[in-house]
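What follows is a set of notes on a single structure, which appears directly below.
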Amino acid sequence: MKNIIIFVLLLCYFKNTEAQKPEFLLPLYFSDSKGNKDTVYTGYDINAEYGFWEGDFGEKDIRNEPFEKAMDARTGALVIKTNPKLPFMSKIYVQKRSCYISTPDLAKGVNTQTFLYFLSKNFPISISWDTTLIDKNCVHNSFFHRNPAARLENKFVKERIYLRDSHGKITITKSLLNSVSSSFAGDILLPSGDTVICMNLFLLDKNKSAYETTAINDIREDTNTITISQNPAYKIINIK
């Protein structure tokens, strides 16, 4: 009887600790010029906690695991002062959903910001995904960018690579990487001398104007003008 109780408790424990299925998950498939491949998953859920590695959705902190594969891709958070060595890295990163539809607020137009880290010596690198997943409201206007502040400043709009416009695949070249300085982009120099490249993925909703607004000049035309045509007129005149 005691063994049965222990068995039931173990079943309950593993069931409760089993990774939950997130509300949205986007697989990103990495491949280098030599055919080496890797995959990471990023997404969101309304029940996810704010933070980097709560683990409810299968996240596992692998930042201290060495980059040993020819193509090693990871996803996670940015380097911060409280974490000076390496940021949180995992193969899956699920964040708190904050999809705001039809909002005038710039920051609220952003659902989540994911940092994609990869190490490879065989360029160019390709990142591909399932385009049918980009039709959802909260990710319709998602884009890649090298600049982590891309969602906050309109001057970075032209450098955005929208997932919905890229036919399910983008190519990462050395020229694209050099478009933003490595120190500002979030790249990481390892003790081995190798550089871990950082790409930003912004998951954004359909309200494109919420984060691509431009300054509106307060210019008003004089609307108190009356135009009368057909002058002289016979029976009919046009007033505008």
Side-chain angles (χ1 to χ4, degrees), residues 22-33 37-45 71 73-78 92-118 120 123-182 184-187 197-216:
E23 181 180 347
F24 174 78
L25 199 63
L26 177 67
L28 295 169
Y29 307 102
F30 287 73
S31 179
D32 66 15
S33 60
K37 302 179 184 297
D38 203 359
T39 304
V40 298
Y41 302 84
T42 183
Y44 58 77
D45 191 278
M71 175 74 251
R74 304 177 183 185
T75 179
L78 185 65
I92 180 173
Y93 187 25
V94 179
Q95 302 181 70
K96 181 76 172 180
R97 174 165 65 83
S98 56
C99 179
Y100 292 82
I101 305 298
S102 300
T103 172
D105 185 84
L106 180 67
K108 289 184 179 179
V110 175
N111 183 8
T112 62
Q113 179 179 4
T114 300
F115 295 88
L116 304 173
Y117 299 99
F118 60 91
S120 177
F123 282 86
I125 308 297
S126 68
I127 307 176
S128 57
W129 59 92
D130 182 355
T131 55
T132 62
L133 297 176
I134 310 302
D135 293 332
K136 295 179 177 291
N137 281 353
C138 287
V139 294
H140 181 74
N141 280 309
S142 301
F143 63 84
F144 294 101
H145 206 292
R146 277 281 281 166
N147 194 322
R151 69 179 175 90
L152 301 177
E153 300 185 34
N154 289 322
K155 67 181 180 180
F156 296 123
V157 172
K158 64 181 181 179
E159 287 86 11
R160 294 175 180 176
I161 306 172
Y162 286 95
L163 275 69
R164 57 177 164 77
D165 295 336
S166 302
H167 307 289
K169 183 178 181 179
I170 65 168
T171 300
I172 309 299
T173 62
K174 289 292 185 66
S175 60
L176 174 62
L177 297 179
N178 294 333
S179 63
V180 176
S181 65
S182 59
F184 188 76
D187 296 347
I197 304 301
C198 178
M199 287 287 291
N200 297 275
L201 172 60
F202 297 89
L203 300 182
L204 295 150
D205 63 31
K206 282 188 175 181
N207 186 24
K208 188 175 180 180
S209 62
Y211 50 89
E212 284 193 3
T213 54
T214 56
I216 300 175

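None of the values given here were measured: they were computed from a predicted structure.
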I'd like to know if the side chain of D38 and the backbone of A73 have a donor-acceptor N/O pair within less than 3.5 Å. yes

When every non-hydrogen atom of S175 is compared with those of T173, the smallest separation belongs to OG-OG1, 2.9 Å

For the residue pair F118 and V40, establish whether any side-chain heavy-atom pair is separated by less than 4.5 Å. no

Specify the closest pair of heavy atoms between F202 and A150, including all atoms of both residues, with the distance to one decimal. CE1-CB, 3.9 Å

Once the angle between the rings of H145 and F143 is folded into 0 to 90°, is it parallel (under 30°), tilted (30 to 60°) or perpendicular (over 60°)? perpendicular

Between R164 and T131, is there a side-chain heavy-atom distance shorter than 4.5 Å? no

Which residues satisfy the side chain to side chain donor-acceptor pair (under 3.5 Å) test with T75, sequence neighbours excluded? none

Shortest non-hydrogen contact from S166 to I161? OG-CG2, 3.5 Å

Any heavy-atom pair between the side chains of L163 and L201 that's under 4.5 Å? yes

CG of L28 to CE of M199, rounded to nearest 0.5 Å, is 10.5 Å

Roughly how far, to the nearest 0.5 Å, is CG of L203 from CD of Q113? 10.0 Å

Rounded at 0.5 Å granularity, tell me how far NZ in K96 sits from CG in D45. 8.0 Å

When every non-hydrogen atom of Y44 is compared with those of C138, the smallest separation belongs to OH-CB, 3.2 Å

Output the distance between atom OG1 (T171) and atom CZ (F123), rounded to the nearest 0.5 Å. 12.0 Å

Can you find a heavy atom in the side chain of K37 that is under 4.5 Å from one in the side chain of Y29? no

Could you give me the CA-CA distance, side-chain angles and deciding distance for L133 and F24, then say whether side chain to side chain contact (heavy atoms under 4.5 Å, CB included) is met? CA-CA 9 Å; L133 297 176; F24 174 78; 4.2 Å; yes

Contact check, side chains of R146 and D187, non-hydrogen atoms, under 4.5 Å: yes

Is there a donor-acceptor contact under 3.5 Å from the side chain of S142 to the main chain of L204? yes

Does L176 reach the side chain of E159, with side-chain heavy atoms less than 4.5 Å apart? no

Would you give the length of the straight line joining atom OG1 of T39 to atom CD1 of I127, rounded to the nearest 0.5 angstrom? 11.5 Å

Are any of the side-chain heavy atoms of I134 and W129 separated by less than 4.5 Å? yes

State, yes or no, whether a side-chain contact exists between N147 and N200 at a heavy-atom distance under 4.5 Å. no

What's the spacing between S128 OG and H167 NE2 if we round to 0.5 Å? 14.0 Å

Using the side chain to side chain contact (heavy atoms under 4.5 Å, CB included) rule, take L26 and V139 through it: C-alpha gap first, then chi angles, then the decisive distance, then the call. CA-CA 10 Å; L26 177 67; V139 294; over 6 Å; no

Smallest heavy-atom separation, C198 atom then F115 atom, equals SG-CD2, 3.7 Å

For residues S120 and I125, report the shortest heavy-atom separation together with the two atoms involved. OG-CD1, 3.4 Å

